[in-house]
Amino acid sequence: MKTSVKSIKFLDSLHNPSKEDLKTALISLNIELEDVQTELNTSESKPYYRKLLYQNEEVELLVMNWSQLECAPHDHGASQGWIKVLSGSSKNTVYEIKENGLPSELFTKTHDKDQIFYAPVNGIHKMKAEENSDLVTLHLYSPPISGMKVYDLEKCSVCIVSDDCGAWWPDEQRQKLKEMQLNS
Ligand SMILES: [Fe+2]
C-alpha cells in the first residue's frame, strides 16, 4: 500500500473515539484510490471484495471494491463508522426498524467521489454502486465490527453472521451464528 504505515499507525492514538473523532481520523488519513489500488481485487459473485487495511482493538480500516451487485440490508453490530467514496458513486439506502421487527426503507442517497457519510450504531443500510460506476469505498469503524446482522427481507429473516462474512446472506452454515425469523 502506498499510504505509509506511519500515517495508518496514527489510528493507534484513538481511544474510544467519538463520532467526530472518527470522522476527523478518516479525513486525516487522506487515503486516495491510488494509495490502495494494489490492495484491490474483484468479486463478481459477491457485492464487494473487501480488504482489511488496519485493525487494532479500537478501530478497523477496510477498503471495498464493489461489483454491480447490491449488498443486503445489514447493521454493523455495536460499531459506528464513516465511509469515504474513493472512486465512482454509491447509492446508500437507510432503513428504520418497524414494530414487526422488519427494516423499512427510509431514504436513498447518492454519494460521489471524496464524499463521506456516517453509519451509526444499530443503523441498518444497504449499498450498491451507481450503474456502471467503479465504486471503491474506504470504511473506518469503531470498534471493529463483530456480530453484524444481515437481513433477507423476502424471507423475513435476519442472521447474525461470522466476522469473515460480508453484507450478504451467508453461503456457509458455519457463517450463520444465529438465524431468526421476523414477524411479517
Ligand atoms: Fe455497512
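Here, residue 1 is the first one in the sequence, and each next residue gets the next number.
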Shared ILVMFWY cluster between [X] and [Y], side chains joined below 4.5 angstrom?
{"X": "Leu61", "Y": "Leu14", "value": "yes"}
{"X": "Ile145", "Y": "Ile124", "value": "no"}
{"X": "Met180", "Y": "Val150", "value": "no"}
{"X": "Ile31", "Y": "Leu62", "value": "no"}
{"X": "Leu26", "Y": "Leu52", "value": "no"}

Do [X] and [Y] come within less than 4.5 Å of each other through their side chains, counting heavy atoms only?
{"X": "Leu140", "Y": "Leu11", "value": "yes"}
{"X": "Val59", "Y": "Pro143", "value": "no"}
{"X": "Lys19", "Y": "Tyr118", "value": "yes"}
{"X": "Leu53", "Y": "Glu39", "value": "yes"}
{"X": "Thr42", "Y": "Tyr49", "value": "no"}
{"X": "Lys84", "Y": "Gln115", "value": "no"}
{"X": "Ser67", "Y": "Tyr48", "value": "no"}
{"X": "Lys51", "Y": "Asn41", "value": "no"}

Rounded to the nearest 0.5 Å, what separation is found between the [atom1] atom of [X] and the [atom2] atom of [Y]?
{"X": "His74", "Y": "Lys149", "atom1": "NE2", "atom2": "NZ", "value": "12.5 Å"}
{"X": "Thr110", "Y": "Lys128", "atom1": "OG1", "atom2": "NZ", "value": "10.0 Å"}
{"X": "Ile8", "Y": "Tyr54", "atom1": "CD1", "atom2": "OH", "value": "8.5 Å"}
{"X": "Leu69", "Y": "Trp168", "atom1": "CG", "atom2": "CH2", "value": "10.0 Å"}
{"X": "Asp35", "Y": "Asn30", "atom1": "CG", "atom2": "CG", "value": "7.5 Å"}
{"X": "Ser104", "Y": "Glu99", "atom1": "OG", "atom2": "CD", "value": "11.5 Å"}

side-chain contact (heavy atoms from CB on, under 4.5 Å) evaluation trace for Leu40 with Val136: CA-CA 9 Å; Leu40 301 179; Val136 179; 4.0 Å; yes
Taking atom CD of Glu131 as the centre, does the number of heavy atoms from other residues, nucleotides or ligands within less than 6.0 Å exceed 12?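 For Glu131, atom CD is not crowded (no more than 12 foreign heavy atoms under 6.0 Å).
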Hey, is CG on Asp134 packed in by over 12 heavy atoms from elsewhere, all under 6.0 Å? no
Please tabulate, for the side chains in residues 88-95, all donor-acceptor contacts under 3.5 angstrom to protein atoms that are two or more places apart in sequence or on a different chain.
{"from": "Ser89", "atom 1": "OG", "to": "Asp112", "atom 2": "OD1", "distance (Å)": "2.6"}
{"from": "Asn92", "atom 1": "OD1", "to": "His125", "atom 2": "ND1", "distance (Å)": "2.8"}
{"from": "Thr93", "atom 1": "OG1", "to": "Thr108", "atom 2": "OG1", "distance (Å)": "2.8"}

Checking Lys109 now: which residues fulfil salt bridge (Lys or Arg N to Asp or Glu O under 4.0 Å) with it, not counting sequence neighbours?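 In terms of salt bridge (Lys or Arg N to Asp or Glu O under 4.0 Å), with neighbours along the sequence ignored, Lys109 is linked to no residue.
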CA sep, side-chain torsions, deciding dist, call: Asp114, Val85, side-chain contact (heavy atoms from CB on, under 4.5 Å): CA-CA 5 Å; Asp114 294 331; Val85 179; over 6 Å; no
Nearest atoms (heavy-atom pairs only) where [X] meets [Y]:
{"X": "Lys126", "Y": "Cys71", "answer": "CB-O, 3.6 Å"}
{"X": "Pro17", "Y": "Gln80", "answer": "O-NE2, 3.2 Å"}
{"X": "Glu70", "Y": "Pro47", "answer": "O-CG, 3.5 Å"}
{"X": "Leu22", "Y": "Gly81", "answer": "CD1-CA, 4.1 Å"}
{"X": "Gly77", "Y": "Val121", "answer": "O-CG1, 4.3 Å"}
{"X": "Gln55", "Y": "Pro144", "answer": "NE2-CB, 3.5 Å"}

Could you please spell out the steps behind the ring pair (Phe, Tyr, Trp, His ring centres under 6.0 Å) verdict for Tyr141 and His76? CA-CA 9 Å; Tyr141 297 115; His76 299 136; 4.8 Å; yes
Stepwise side chain to side chain donor-acceptor pair (under 3.5 Å) check, Asp21 with Ser18: CA-CA 5 Å; Asp21 293 340; Ser18 68; 3.2 Å; yes
Is it true that a side-chain atom of Trp66 and a backbone atom of Met127 form a donor plus acceptor pair closer than 3.5 Å?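 Judged by distance alone, no pair lies under 3.5 Å.
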Please check if the side chain of Ser133 supplies one atom and the backbone of Ala129 the other of a donor-acceptor pair under 3.5 Å. no
Could you walk me through whether Ile97 and Leu102 pass side-chain contact (heavy atoms from CB on, under 4.5 Å), step by step? CA-CA 6 Å; Ile97 292 275; Leu102 281 169; over 6 Å; no
Please report the C-alpha distance between Asp75 and Asn122 in whole Å, then the side-chain angles of each, then the deciding distance to 0.1 Å, and finally whether the side chain to side chain donor-acceptor pair (under 3.5 Å) criterion is met. CA-CA 6 Å; Asp75 71 7; Asn122 293 325; over 6 Å; no
Going by atom type alone, with no hydrogens or angles, which donor-acceptor pairs under 3.5 Å involve a side-chain atom of residues 154-162 and a protein atom two or more places apart or on another chain?
{"from": "Ser157", "atom 1": "OG", "to": "Lys155", "atom 2": "O", "distance (Å)": "3.3"}
{"from": "Ser157", "atom 1": "OG", "to": "Gln181", "atom 2": "OE1", "distance (Å)": "3.1"}
{"from": "Ser162", "atom 1": "OG", "to": "Asp164", "atom 2": "OD1", "distance (Å)": "2.5"}

Can you list the steps and then say if Thr137 with Val63 is a side-chain contact (heavy atoms from CB on, under 4.5 Å)? CA-CA 6 Å; Thr137 49; Val63 65; over 6 Å; no
Pair Lys46 + Asp171, salt bridge at N-O below 4.0 Å: yes
